[in-house]
Trainee: 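Below is the structure I would like to discuss, written out as structure tokens.
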Amino acid sequence: MQESLMMILTPKRRIDILRDVVDAQKQKRPYVITFCGVNGVGKSTNLAKVAYWLAGNDLRVLIAGCDTFRAGAIEQLRTHVHHLNNIYNTNDNIMVELYERGYGKDAAGIAMEAINYGKDKKFDIVLVDTAGRMQDNEPLMTALAKLIHVNNPDLVLFVGEALVGNEAVDQIKKFNQALIDNAKLQASPRIIDGIVLTKFDTIDDKVGAAISMTYTTDKPIVFVGTGQQYQDLKVINAESVTELLLK
Ligand code: GDP
């Protein structure tokens, strides 16, 4: 049992963002990560934690405010950018910047502008925040698929909360399916590449969502959110999750 659980939680394909950023730098373009998920799971907070981690690795981060839907989403990102720059800024080097065009506009177009801006201004990474959406809301899922297919990011991360167990599995399955369904005639449609499992600090030993999400999608958990501070972002520890399950 222990071996099987360890196998499920150990990704077949490891995602090494820092290494892949170096490859993108060689191509003189930013590495692009898109975050998607339903509302309230911790998308923006964990995007900010990823920005904190990247800036801590001396990488310049552009955050693309593509949640053009929820009032306050852009302001929330602006606050994070302000905090992060207070932590990291040197005199003449802004480490984290926000690219936004307000609300009500086409998110796919803004993401594209942001990526081009990031390339011009020599940012190392563009983190694309998207509007939260329920997995059954077809028009919004189509819009997300458009954003992803038009911009072809290097990495598509699904943000799901550990708290909701099987509901998170349903979400990720339907997000994946929507990306496939809306890919039109593309030979190999982009799907979700990895998972950010948030609120891991709130679930005690109920770690089943971690197993179910990786098992059903065969995608690795790239980050685990373990609190509300920027430092609260970890990689999953397969051994301790397995131990908790078998306790
Ligand atoms: P979004 O709507 O998906 O962008 O969600 P937010 O980023 O606004 O987060 C929703 C709430 O969850 C906020 O109060 C966050 O502080 C909280 N949150 C996010 N990640 C974590 C986490 O890993 N642990 C805990 N305990 N709270 C979190």
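Ligands are counted one by one from 1 in listed order, and the atoms in each one are counted from 1 as well.
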Trainee: Pick, from Ala162, Gly72, Gly227, Gly42, the option with the minimum heavy-atom distance to atom 21 (C) of ligand 1.
Mentor: Gly227

Trainee: With heavy atoms under 4.0 Å as the rule, classify the contact between Thr202 and ligand 1 as side chain, backbone, both or neither.
Mentor: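 Under 4.0 Å from ligand 1, Thr202 contributes side-chain atoms alone.
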
Trainee: Evaluating non-hydrogen atoms only, which member of Lys199, Gln228, Gln76 is closest to atom 11 (C) of ligand 1?
Mentor: Lys199

Trainee: Would one find an N or O of Thr198, backbone or side chain, under 3.5 Å from an N or O of ligand 1?
Mentor: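 In this structure, Thr198 places no N or O atom under 3.5 Å from an N or O of ligand 1.
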
Trainee: Taking ring-ring contact (aromatic ring centres under 6.0 Å, His included) as the definition, give me every residue that meets it alongside Phe175, ordered by chain and number, with sequence neighbours left out.
Mentor: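 By the ring-ring contact (aromatic ring centres under 6.0 Å, His included) rule, Phe175 matches Phe158.
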
Trainee: Nearest protein heavy-atom contact for atom 4 (O) of ligand 1: which residue, which atom, what distance?
Mentor: Ser44 OG, 2.5 Å

Trainee: Among protein heavy atoms, which lies nearest atom 7 (O) of ligand 1, and at what distance?
Mentor: Thr45 OG1, 2.5 Å

Trainee: Any heavy atom of Thr226 sitting closer than 4.0 Å to ligand 1?
Mentor: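 Contact present.
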
Trainee: For atom CD of Glu3, is the number of surrounding heavy atoms from other residues, nucleotides or ligands below 6.0 Å larger than 12?
Mentor: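 Result for CD/Glu3: open.
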
Trainee: Does ligand 1 have any atom sitting under 4.0 Å from a heavy atom of Lys49?
Mentor: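 Yes, Lys49 has a heavy atom closer than 4.0 Å to ligand 1.
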
Trainee: Any pair with a residue in residues 158-174 that passes side chain to side chain donor-acceptor pair (under 3.5 Å), sequence neighbours left out, goes on the list, sorted by first then second residue, please.
Mentor: Gln135-Glu167, Gln135-Asp170, Asp136-Lys174, Glu161-Lys199, Glu167-Gln171, Asp170-Lys174

Trainee: Between Lys119 and Asn116, does any side-chain donor sit less than 3.5 Å from a side-chain acceptor?
Mentor: no

Trainee: Backbone, side chain, both or neither: what part of Asn46 comes under 4.0 angstrom of ligand 1, heavy atoms only?
Mentor: side chain

Trainee: Do Arg101 and Tyr99 meet the cation-pi criteria used here (NZ or CZ under 6.0 Å from the six-membered ring centre, within 45° of the axis)?
Mentor: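 Yes, a cation-pi geometry.
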
Trainee: Angle class for the Trp53/Phe223 ring planes (parallel below 30°, perpendicular above 60°, tilted otherwise)?
Mentor: perpendicular

Trainee: Answer with yes or no whether Gly40 contacts ligand 1, where contact means a heavy atom under 4.0 Å from a ligand atom.
Mentor: yes

Trainee: Where is the tightest heavy-atom contact between Ala108 and Leu147, given as atom of each residue plus distance?
Mentor: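 The answer is CB-CA, 3.7 Å.
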
